[in-house]
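Shown next, in structure tokens, is the structure this report addresses.
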Amino acid sequence: MVDFTEEETQALLAVMHALAPEMERIGWDRPLGQLTQSDMHRLIVTAIEAFRAEMAEIASQSEIPF
């Protein structure tokens, strides 16, 4: 397991919020092994985009350390 920074841990909450509508669409009780390639792609892209956006937002609120 990877140790996340404080900022990354904060960004994970945004990822969970972004994935919830996709999981509602797919069905929470559906095993991951039964997802289509398209469903998996949408989940992965949604997670990565949400993480990147949240990390950018967190970084924009921080002072530049140099």
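Grouping Ile, Leu, Val, Met, Phe, Trp and Tyr by side-chain contacts under 4.5 Å, direct or through others, leaves V2 on its own.
Each salt bridge (charged side-chain N to carboxylate O under 4.0 Å, His left out) pair with one or both residues in residues 22-33, not counting sequence neighbours, appears once here: E22-R25, E22-R42, R25-D39, R30-D39. Contacts classified as salt bridge (charged side-chain N to carboxylate O under 4.0 Å, His left out) and involving residues 11-20 (residues at least two apart or in different chains) are not found.
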Give the table of side-chain donor-acceptor pairs shorter than 3.5 Å for residues 7-20, with sequence neighbours excluded, one pair per line with atom names and distance.
| from | atom 1 | to | atom 2 | distance (Å) |
| --- | --- | --- | --- | --- |
| E8 | OE1 | T5 | N | 2.8 |
| E8 | OE1 | T5 | OG1 | 3.4 |
| T9 | OG1 | T5 | O | 3.0 |

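Atom CD1 of residue I26 and atom CG of residue L43 lie 4.0 Å apart, to the nearest 0.5 angstrom.
Under the 4.5 Å side-chain heavy-atom criterion for ILVMFWY residues, no single connected hydrophobic cluster contains both F51 and V45.
With sequence neighbours excluded, the residues satisfying side-chain hydrogen bond (donor to acceptor under 3.5 Å, both in side chains) with Q61 are E57.
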